[in-house]
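Here the structure comes first, spelled out in structure tokens, and everything after it is commentary.
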Amino acid sequence: MQRWLDRLTNADEEDPLLIVVAERWGALTQPEETAEIEEARAALKAAEAQMERLLRDRRKGLYEGPAARFFEPAWQDVNQDMEAARKTLKAVGGATVDISFLLEPEAAREAWEAADGSMKRELLRLAIDGLTVTKAETTRDRARFDGFSRVEIRWASVESI
């Protein structure tokens with residue numbers, strides 16, 4: 001918890017970790033809005049993929065000769081799909097998520113202390129993708145667990161969202 005708290009409260013405003021934390025906090029606290037945004041992103045991605053396929057097929061010569069008349073309607077359809085997806089994404093993608101309480105040491109500590117066990121796990125998952133615990137070097141080292149030296153944290157990255 002202390003390393004999580006230190007990492008968040010000392011993060012620079014431009015730290016990519018904060019993007020991940022905000023996305024995950026939004027998904028946790030606003031699941032319906034987050035689902036709408038994901039659907040809109042998926043629709044845009046599908047329209048972009050369709051446009052790429054259409055252009056690739058045209059370059060291969062599939063729309064030459066008698067098939068040429070099919071390209072223009074298909075092109076118009078895919079452009080309409082892309083425009084609709086962009087409008088939808090713009091309409092649903094404007095939700096803001098406030099994570100300022102996680103960036104201030106006192107507020108973050110208060111949020112941690114007020115949280116039950118389940119919420120504490122969720123708070124940790126906002127910024128942490130995984131942990132690796134190494135074995136103690138000697139028997140004497142095993143007597144007292146030293147998390148700072150034996151636990152490696154895999155912090156969340158933009159690629160993990």
Side-chain angles (χ1 to χ4, degrees), residues 1 3-131 152-161:
M1 175 272 182
R3 288 169 67 184
W4 169 85
L5 181 67
D6 291 343
R7 179 70 172 88
L8 286 178
T9 58
N10 291 305
D12 183 80
E13 287 182 13
E14 302 297 319
D15 192 330
L17 177 66
L18 298 183
I19 295 169
V20 178
V21 169
E23 290 260 346
R24 290 178 177 180
W25 182 249
L28 183 65
T29 60
Q30 303 170 356
E32 295 84 19
E33 292 90 342
T34 303
E36 288 177 10
I37 292 169
E38 290 303 315
E39 287 174 18
R41 285 181 182 158
L44 180 59
K45 198 172 192 176
E48 288 171 344
Q50 180 61 28
M51 181 177 274
E52 286 178 25
R53 277 192 299 275
L54 191 62
L55 291 173
R56 188 174 47 245
D57 289 348
R58 187 172 189 191
R59 280 192 300 271
K60 288 180 180 177
L62 297 178
Y63 287 101
E64 292 178 0
R69 65 188 169 108
F70 296 112
F71 180 78
E72 189 61 33
W75 183 253
Q76 289 175 357
D77 289 346
V78 77
N79 276 312
Q80 288 173 353
D81 291 347
M82 279 189 73
E83 188 60 32
R86 284 187 181 129
K87 284 181 183 177
T88 303
L89 186 57
K90 187 175 181 180
V92 299
T96 58
V97 178
D98 181 17
I99 60 166
S100 62
F101 74 98
L102 293 172
L103 307 179
E104 298 297 323
E106 284 184 38
R109 188 170 295 282
E110 287 174 12
W112 179 265
E113 290 170 359
D116 63 8
S118 176
M119 179 53 81
K120 285 180 179 178
R121 285 187 293 279
E122 292 298 337
L123 288 171
L124 291 172
R125 287 183 189 122
L126 295 175
I128 296 174
D129 279 344
L131 302 171
E152 178 185 324
I153 297 174
R154 280 189 317 281
W155 298 102
S157 64
V158 175
E159 293 81 28
S160 66
I161 55 174

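Residues take their numbers from the sequence shown, with the count starting at 1.
For Glu122, the salt bridge (Lys or Arg N to Asp or Glu O under 4.0 Å) partners at least two apart in sequence or on another chain are Arg125. Applying the side chain to side chain donor-acceptor pair (under 3.5 Å) rule to Glu39 yields no partners; only residues at least two apart in sequence or on another chain are considered. The salt bridge (Lys or Arg N to Asp or Glu O under 4.0 Å) search around Arg7 returns Asp15, not counting sequence neighbours.
Put simply, CG on Leu131 and CZ on Arg154 are 7.0 Å apart, with the number rounded to the nearest 0.5 Å. The CD1 atom of Ile19 sits 12.5 Å away from atom CZ of Arg24, with the distance rounded to the nearest 0.5 Å. If you take CD1 on Ile37 and OG1 on Thr88, they are separated by 12.0 Å, rounding to the nearest 0.5 Å. In this structure, Ile128 CD1 and Trp155 CH2 are separated by 4.5 Å, a value rounded to the nearest 0.5 Å.
Residue Arg3 places its CZ atom among more than 12 non-hydrogen atoms of other residues, nucleotides or ligands, all under 6.0 Å distant.
A side-chain hydrogen bond (donor to acceptor under 3.5 Å, both in side chains) check over residues 42-52, counting only residues at least two apart or in different chains, returns the pairs Gln50-Arg53. Sorted by first and then second residue, the ring-ring contact (aromatic ring centres under 6.0 Å, His included) pairs with a member in residues 6-29 read Trp25-Phe101; sequence neighbours excluded.
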Open item on the list: side-chain contact (heavy atoms from CB on, under 4.5 Å), that's the test. Do Leu8 and Leu18 meet it? Break it down for me.
Closed with: CA-CA 8 Å; Leu8 286 178; Leu18 298 183; 4.3 Å; yes
Open item on the list: Pair Arg109, Leu5 - check side-chain contact (heavy atoms from CB on, under 4.5 Å), show working.
Closed with: CA-CA 8 Å; Arg109 188 170 295 282; Leu5 181 67; 3.1 Å; yes
TODO: Start with the C-alpha gap between Met119 and Asp116, add the side-chain angles, then the distance that decides, and say whether side-chain contact (heavy atoms from CB on, under 4.5 Å) holds.
DONE: CA-CA 5 Å; Met119 179 53 81; Asp116 63 8; 3.3 Å; yes
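Using a 4.0 Å cut-off between charged nitrogen and carboxylate oxygen, Arg41 and Glu38 count as a salt-bridge pair.
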Give the table of side-chain donor-acceptor pairs shorter than 3.5 Å for residues 64-87, with sequence neighbours excluded, one pair per line with atom names and distance.
| unit_1 | atom_1 | unit_2 | atom_2 | d |
| --- | --- | --- | --- | --- |
| Glu72 | OE2 | Gln76 | NE2 | 3.4 |
| Asn79 | ND2 | Trp75 | O | 3.1 |

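Under the 4.5 Å side-chain criterion, counting only non-hydrogen atoms from C-beta, Trp4 is not in contact with Thr9. Counting only heavy atoms from C-beta outward, the side chains of Leu102 and Leu123 approach each other to under 4.5 Å.
A side-chain donor from one of Ser100 and Asp98 sits under 3.5 Å from a side-chain acceptor of the other.
Minimum heavy-atom separation, Ala156 to Leu126: CB-O, 4.3 Å.
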